[in-house]
**Q** 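My structure is below; once you've seen it, I'll send some questions.
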There are 2 protein chains.
Amino acid sequence: MATKKQKINRHSRVRSDHRTELAEDYVEAIADIVDASGTCRAVDLAQQFQVSHVTVNRTISRLERDGYVTTAPYAPIELTKAGRRLAETSQQRHEVVFQFLLAIGVGESAAAADSEGIEHHVSPETLAAMKAFLDEQ
Amino acid sequence: MATKKQKINRHSRVRSDHRTELAEDYVEAIADIVDASGTCRAVDLAQQFQVSHVTVNRTISRLERDGYVTTAPYAPIELTKAGRRLAETSQQRHEVVFQFLLAIGVGESAAAADSEGIEHHVSPETLAAMKAFLDEQ
DNA sequence: AGGCAAATGTAGCACAGGCTACACATCGAT
DNA sequence: ATCGATGTGTAGCCTGTGCTACATTTGCCT
Ligand SMILES: [Mn+2]
Ligand SMILES: [Mn+2]
Ligand SMILES: [Mn+2]
Ligand SMILES: [Mn+2]
């Protein structure tokens, strides 16, 4: 039988986007922090996301469960191979969205804020359109 | 004392966007359904959002608590003045985002899907930039 | 009027992702 | 070496948003 072309409802798509959103932002942040300071600790993430360290702990537990990070008591947080891969693609997509907003005339500050949410809802097709727009400039 | 210019962290902004997201989509859907068929029942929303009618009930309860709708047992769902106002602005913003995606070359189907998530993260500044882009076309 | 299908309501469950309060571990400075 | 600050862990709470199972109400058809 042919692969069922499952026509996903658009609201279901948004809910699905949101399920992967925190993972994308966390691995992105972890990669950034590791690049900047060598290691990533829970406090760094609490600072970055403006949440309590407890919330970071619980989120990191889910990321570990899902195979994106490894942890050990009192040790820094490390990305797995899958985590690094997700961080890489997320960073690239985020950057395209950010540059695109700048390109259509949005200011630095609004572009930074808006792209943080928008990035997770940009399909490959829309991402390609944004890239094409940036190239044409 | 001067009003404190509270510099909101970008991740906090995204969390805040998400808190109003369901309300925006629901009042938008309710307004659409009322326009199309006269009244809006819970089943219509369950169909629209592809969730159970129980989930709709609980969401509608929160909307009522927050002053966007009124309900009575076994009666259709009605928007309050605040609900209609929110629906109006949400619809307009949604439409701008949708048309903007079409304008940069995204296909109908991806534009419909992506705009459903993106709309909630578009600041007034970015919305204005999108409108300006559409006008220049 | 009676009965059946559909809509609605309610009870009870799960998980994500927030929080405070408190306990314990680590590490640098003295 | 020890002490205090900082970081980390754990317990227990909350709300939002999803579900299934079951009870009740409504409304339409015969
Ligand atoms: Mn983000
Ligand atoms: Mn919408
Ligand atoms: Mn939406
Ligand atoms: Mn979102």
Side-chain angles (χ1 to χ4, degrees), chain A residues 8-30 33-34 37-78 116-117 120, chain B residues 8-30 33-34 37-78 116-117 120:
Chain A
I8 290 287
N9 174 276
R10 67 190 203 280
H11 292 290
S12 312
R13 229 296 295 284
V14 174
R15 289 197 298 273
S16 151
D17 289 344
H18 286 160
R19 258 175 263 127
T20 50
E21 167 159 350
L22 256 202
E24 291 171 352
D25 284 339
Y26 265 66
V27 296
E28 221 183 309
I30 293 167
I33 291 165
V34 168
S37 75
T39 58
C40 176
R41 320 278 332 200
V43 270
D44 302 321
L45 294 169
Q47 164 73 24
Q48 180 87 18
F49 290 99
Q50 294 283 284
V51 294
S52 73
H53 80 277
V54 183
T55 297
V56 169
N57 278 354
R58 297 171 60 77
T59 303
I60 292 295
S61 294
R62 284 192 299 275
L63 292 188
E64 182 163 38
R65 178 200 62 188
D66 296 342
Y68 295 120
V69 304
T70 55
T71 65
Y74 300 97
I77 295 152
E78 315 238 12
E116 191 62 74
H120 309 283
Chain B
I8 291 284
N9 172 277
R10 67 191 202 279
H11 292 290
S12 312
R13 229 295 297 283
V14 175
R15 289 198 298 273
S16 149
D17 291 343
H18 285 160
R19 257 175 264 128
T20 49
E21 168 159 350
L22 256 202
E24 292 171 350
D25 283 339
Y26 266 66
V27 296
E28 220 184 310
I30 293 166
I33 291 166
V34 168
S37 75
T39 57
C40 176
R41 318 283 327 203
V43 270
D44 302 321
L45 294 168
Q47 164 72 24
Q48 179 88 19
F49 290 99
Q50 293 282 285
V51 295
S52 72
H53 80 276
V54 183
T55 297
V56 169
N57 276 355
R58 296 170 62 76
T59 304
I60 291 295
S61 293
R62 285 192 299 275
L63 293 187
E64 182 163 37
R65 180 199 61 190
D66 296 342
Y68 294 120
V69 304
T70 55
T71 66
Y74 299 97
I77 295 152
E78 314 238 12
E116 192 62 74
H120 310 282

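Both backbone and side-chain heavy atoms feed into the values below; hydrogens, waters and symmetry mates do not. Just so we're on the same page: letters track the sequence lines, and every chain starts at 1.
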**Q** From CD1 of B/Ile77 over to C1' of C/dT8, roughly how many Å is that when rounded to an integer?
**A**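 The answer, rounded to whole Å, is 10 Å.
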**Q** Send over the distance from B/Glu21 CD to D/dT17 C1', rounded to a whole Å.
**A**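 Rounded to the whole Å, the gap is 12 Å.
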**Q** Atom CZ of B/Arg65 to atom C1' of D/dG16: distance rounded to whole Å?
**A**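 After rounding, the gap between these two atoms is 9 Å.
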**Q** Below 3.5 Å between N/O atoms, which protein atoms pair up with nucleotides 18-21 of chain C? Just atom names and distances, please.
**A**
residue	atom	partner	partner atom	Å
C/dC19	OP2	A/Ser52	N	2.8
C/dC19	OP2	A/Ser52	OG	3.0
C/dC19	OP2	A/Thr55	OG1	2.7

**Q** Atom OH of A/Tyr74 to atom C1' of D/dT6: distance rounded to whole Å?
**A**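 Distance, rounded to whole Å: 12 Å.
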**Q** Tell me: CD1 of A/Ile60 to P of D/dG7, nearest whole Å?
**A**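 In whole Å, D/dG7 P lies 16 Å from A/Ile60 CD1.
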**Q** For the pair A/Arg41 (side chain) and A/Tyr74 (backbone), establish whether a donor and an acceptor sit closer than 3.5 Å, ignoring hydrogens and angles.
**A**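 Looks like yes, one N/O pair under 3.5 Å.
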**Q** To the nearest Å, give me how far apart CD (A/Glu64) and P (D/dT8) are.
**A**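 Going from A/Glu64 (CD) to D/dT8 (P), I get 15 Å.
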**Q** Rounded to whole Å, how long is the line connecting atom CZ of B/Phe49 with atom C1' of D/dG16?
**A**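 My rounded result for the distance is 15 Å.
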**Q** So which one's nearest nucleotide on DNA chain D is more toward 5', A/Pro76 or B/Arg19?
**A**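 Between the two, 5'-proximity favours A/Pro76.
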**Q** Tell me yes or no: between the side chains of B/Ser12 and A/Gln50, is some donor less than 3.5 Å from an acceptor?
**A**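 Distance-only check fails for B/Ser12 and A/Gln50.
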**Q** Can you check whether A/Val51 reaches B/Arg15 side chain to side chain, under 4.5 Å on heavy atoms?
**A**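 They are in contact (side-chain heavy atoms under 4.5 Å apart), so the answer is yes.
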**Q** Do the side chains of A/Glu24 and A/His120 get nearer than 4.5 Å, heavy atoms only?
**A**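 They are in contact (side-chain heavy atoms under 4.5 Å apart), so the answer is yes.
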**Q** Any side-chain heavy atom of A/Asp17 within less than 4.5 Å of one from A/Glu21?
**A**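 They are not in contact (no side-chain heavy atoms under 4.5 Å apart), so the answer is no.
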**Q** In whole angstroms, how far is the P atom of C/dC22 from the CG atom of A/Asn57?
**A**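 These atoms are roughly 18 Å apart.
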**Q** For B/Phe49 and B/Asp25, work out which heavy atoms get closest and say how close.
**A**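 Taking every non-hydrogen atom into account, CZ-O, 3.6 Å.
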**Q** For B/Pro73 and A/Arg41, take the nucleotide of DNA chain D holding the closest heavy atom to each; which residue's nucleotide lies nearer the 5' end?
**A**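 Closer to the 5' end of DNA chain D: A/Arg41.
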**Q** For B/Gln47, I'd like to know if atom CD has over 12 heavy atoms of other residues, nucleotides or ligands within 6.0 Å.
**A**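 No, the 6.0 Å shell around CD holds no more than 12 heavy atoms from other groups.
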**Q** Hey, which of these two, B/Ala42 or A/His18, hits DNA chain C nearer its 5' end, going by closest nucleotide?
**A**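 Of the two residues, B/Ala42 wins.
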